Amino acid sequence: MTVAAAQGAADSAASLVQSVDWLAIAPPALTAVVALAVLVADLFLPERRKPLLGVLSVAGLAAALLLLLPIRAGDRSTFCLTADVGVCSYTADHFTLVIQLLVLGGALLTALLSVTELGGAKKLPAGEFWFLLLSSAAGAALLPAARDLATLVVALEVATLPAFALVGLKRGDRLSSEAALKFFLSSVAATAVMLLGVSFVYATTGTLHLTEIATRLDDVPGALETLASAGVALTLVGFAFKAAAAPFHFWVPDTYVGAPLPVAAYLSVVSKAVGFSGLILVTVIAFPSHSDVWGPVVAVLAALTMTVGNVAALRQSATRAWSAVRLLAWSSVAQAGYLLVPIAAAAYAGTDQIGSTVAYALMYAVVNIGAFAVAALVARTKPLNRLADYRGLASERPLVALAMGFFLLCLAGLPPGVVGLFAKVTVFASAVDAGLGWLAVVMSVNVVIALYYYLQWTAVLFRAPETAPETAGEGTSEAGPTPPAAGPLPQPAGPLAGHRAPAPILAAIGLTTAVGIALSGAPQLVLRFAAESLF
């Protein structure tokens, strides 16, 4: 072989080797590395040292969040085709960074809520819990950066599979096992349908990269047009399930009730972020030429989802066991309907509408985790977590009650939750701008319906607590009832009477309240941030 031939062979071999931008993939990669470190450390740490695993997990998630700063310019890509460096499987653009901020921030707050849930009477195994939480967060952080269907599906399953185990992690709890089974079976069915759609798309285009799919779907032969349209519709099913869009929402209430409350908070925010980011990627980037197929479908899903969620939330009785968690579950379904509106609008008015979904998702993530943090605090003394159990919270923990009221008003879209009001206005405007007047009317009606149960719960927080039962000095005898002994009169008993709130839960409530107030003071920051997150 001549020197020139050898050099040519070496250059050809070098062209097949991809360079990896390690900084671009650092946030999900570090989260995955910390998950493996926790799994290994759990094998060697004695039981009394297991709390260190929580410290390591919180530190790892905080470090992953900090790694977003060096790539905040949003101009990095890696795992690109050697023949076309413009076609990549991983892109860290502004959209990716915003969703990763939401996902990793939500996982960090979930970790704070979880510190007090491990060990003791609740018997949640620390090592398994932290490994599963970090693994799911790593997959959720990878998904918004995925730019091909294979990476998208893998990231979706990495985010979802650990969540099944997290839901069913309460040993010996029938509700937990039942919730995990329902979640698993429905998710597997949705994934199977989605994979069928992906195979149809690949059969008609011959590629899995989203930008290439968009180009080739414009030139699909007439004989394959029906197959391509079916592939587009079926691919959306899996992401609609993760986003809890009706009629794929049926797993939500039972799963939230059966799961540990921090896991329910995680699913309500991070699972939705995964579903909506995937839905945005496949519709806006991969399938813009088939907007006539997915646009009307998403619009109908949005109307159906918000209506089903709000009507079901209205039916929650204040004295029913776990009614507070069920109300938050149905509320999250309704909120998913609002989040779908700008995606539907993008089919008619362009990708500028997607910024409204991102803005709404940021608001929703902050206040919903805050609401679950208060629910986790109340559940420490009121394990049935009924809406009636929140009566008198203001008399014992006025700051916690004010925070909960603020979260509920943000979800309702009322002042002083200005950020919630602005988020709803931007979503409403996106529907109007896209010519979806009927959807804007449906949204308006649902917002009014939601006011009832949000304000009803808020009012319960500030009612006088119920009087403690009179037990001391009372009794009966053959001669009849004996009068109560002289002494102090029974005092009103609130939901947290005599209970010392754990610092991590208070920290989560304080952080979410502070962020919510800051965003309410300058809601334009959310809108500007969301607008800059577009592809």
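Note that the coordinates shown come from a computational prediction; the quantities given were computed from them, not determined experimentally.
At distances below 3.5 Å, not a single donor-acceptor pair connects side-chain atoms of Ser136 with backbone N or O atoms of Leu132. In this structure, Ser199 contributes its side chain and Leu196 its backbone to a donor-acceptor pair below 3.5 Å. Here the side chain of Thr31 pairs no donor or acceptor atom with the backbone of Leu134 at under 3.5 angstrom. The backbone N or O of Phe287 lies less than 3.5 Å from a partner atom in the side chain of Trp294, making a donor-acceptor pair. Listed for the Ser229 side chain is no donor-acceptor partner under 3.5 Å among the backbone atoms of Thr226. With Ser268 contributing its side chain and Ala265 its backbone, the two residues share a donor-acceptor pair below 3.5 Å. The main-chain N or O of Leu304 is never found under 3.5 Å from a side-chain atom of Thr307 such that the two would form a donor-acceptor pair. Listed for the Thr283 side chain is a donor-acceptor partner under 3.5 Å among the backbone atoms of Ile280. Checked by atom type and distance alone, the side chain of Glu212 never pairs as donor or acceptor with a backbone atom of Leu208 at under 3.5 Å.
If you run side chain to side chain contact (heavy atoms under 4.5 Å, CB included) between Ile25 and each of Leu142, Thr78, Leu67, only Thr78 comes through.
For the residue pair Ala214 and Pro288, the shortest heavy atom distance occurs at CB-CD, 4.0 Å. Leu267 and Ala163 get closest at one heavy-atom pair: CD2-CB, 3.9 Å. When all heavy atoms of Ala245 and Leu340 are compared, the closest pair comes out as CB-CD1, 3.8 Å. In plain terms, the two heavy atoms of Gly168 and Ser176 that are nearest each other are CA-OG, 3.2 Å. Ile99 and Ala273 make their closest contact through CG2-O, 4.5 Å (heavy atoms, listed as atom of the first residue, atom of the second, distance). Here the closest heavy-atom approach between residue Leu97 and residue Ile71 is recorded as CD1-O, 2.9 Å.
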Run the numbers on Ser187 and Lys242 for side chain to side chain donor-acceptor pair (under 3.5 Å), then give the verdict. CA-CA 8 Å; Ser187 180; Lys242 304 302 177 188; 2.7 Å; yes

Stepwise, does the side chain to side chain contact (heavy atoms under 4.5 Å, CB included) test hold for Tyr360 with Thr357? CA-CA 5 Å; Tyr360 201 103; Thr357 288; 5.8 Å; no

Met306 vs Val442, test: side chain to side chain contact (heavy atoms under 4.5 Å, CB included). Steps then yes/no. CA-CA 9 Å; Met306 66 178 74; Val442 172; 4.1 Å; yes

List the steps and the verdict of side chain to side chain contact (heavy atoms under 4.5 Å, CB included) for Gln316 and Tyr453. CA-CA 9 Å; Gln316 300 308 308; Tyr453 60 82; over 6 Å; no

Under the criterion side chain to side chain contact (heavy atoms under 4.5 Å, CB included), I'd like the reasoning laid out for Lys272 against Tyr364: C-alpha separation, chi angles, the key distance, then a yes or no. CA-CA 10 Å; Lys272 274 189 174 49; Tyr364 169 78; 3.9 Å; yes

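The ring-ring contact (aromatic ring centres under 6.0 Å, His included) analysis of residues 135-162, with sequence neighbours excluded, yields no pairs.
Using cut-offs of 30° and 60° on the angle between ring planes, the pair Tyr90 and Phe79 is perpendicular.
Tyr348 is linked by a side chain to side chain donor-acceptor pair (under 3.5 Å) to nothing, counting only residues two or more places apart in sequence or in another chain. Listed by chain and residue number, Phe164 satisfy the ring-ring contact (aromatic ring centres under 6.0 Å, His included) test with Phe184 (two or more places apart in sequence, or in another chain).
Side chain to side chain, Asp21 and Ser77 fail the donor-acceptor criterion of an N or O pair below 3.5 Å. For the residue pair Tyr454 and Ser331, a side-chain donor N or O sits within less than 3.5 Å of a side-chain acceptor on the partner. A donor-acceptor pair shorter than 3.5 Å cannot be found between the side chains of Asn310 and Tyr452. No side-chain donor from either of Ser114 and Tyr266 sits under 3.5 Å from a side-chain acceptor of the other.
No side-chain heavy atom of Val366 sits less than 4.5 Å from a side-chain heavy atom of Leu362. Here the side chains of Leu411 and Gln335 are in contact, with some heavy-atom distance below 4.5 Å. Counting only heavy atoms from C-beta outward, the side chains of Thr512 and Val367 never approach each other to under 4.5 Å. The closest side-chain heavy-atom distance from Phe239 to Leu156 is below 4.5 Å. Contact of the Phe131 side chain with the Pro162 side chain is not registered, since no non-hydrogen atoms from C-beta on lie closer than 4.5 Å. A heavy-atom distance below 4.5 Å is not found between the side chains of Ser57 and Leu133. Taking 4.5 Å as the limit, every side-chain heavy atom of Met194 sits out of range of all side-chain heavy atoms of Val237. Using a 4.5 Å heavy-atom cutoff, the side chains of Arg147 and Thr96 are in contact.
Interatomic distance, CH2 of Trp251 versus OG of Ser271, reported as 4.5 Å (0.5 Å rounding). Ile354 CD1 to Ser430 OG: the interatomic distance, rounded to the nearest 0.5 Å, is 9.0 Å. Atom OG of residue Ser89 and atom CG of residue Leu210 lie 9.0 Å apart, to the nearest 0.5 angstrom. A distance of 11.0 Å separates SG of Cys410 from CG of Asn368, quoted to the nearest 0.5 Å. Here the CD1 atom belonging to Ile213 is positioned 5.0 Å from the OG1 atom belonging to Thr205, to the nearest 0.5 angstrom. Distance check, rounded to the nearest 0.5 Å: CG of Leu69 to CG of Leu101 gives 9.5 Å.
Here the two rings, on Trp322 and Tyr256, have centers that are 6.0 Å apart or farther.
Between Arg76 and Asp93 there is no salt bridge, since no side-chain N of the basic residue sits under 4.0 Å from a carboxylate O of the acidic one.
Applying the 6.0 Å contact sphere to CG of Asp219 captures no more than 12 heavy atoms from other residues, nucleotides or ligands.
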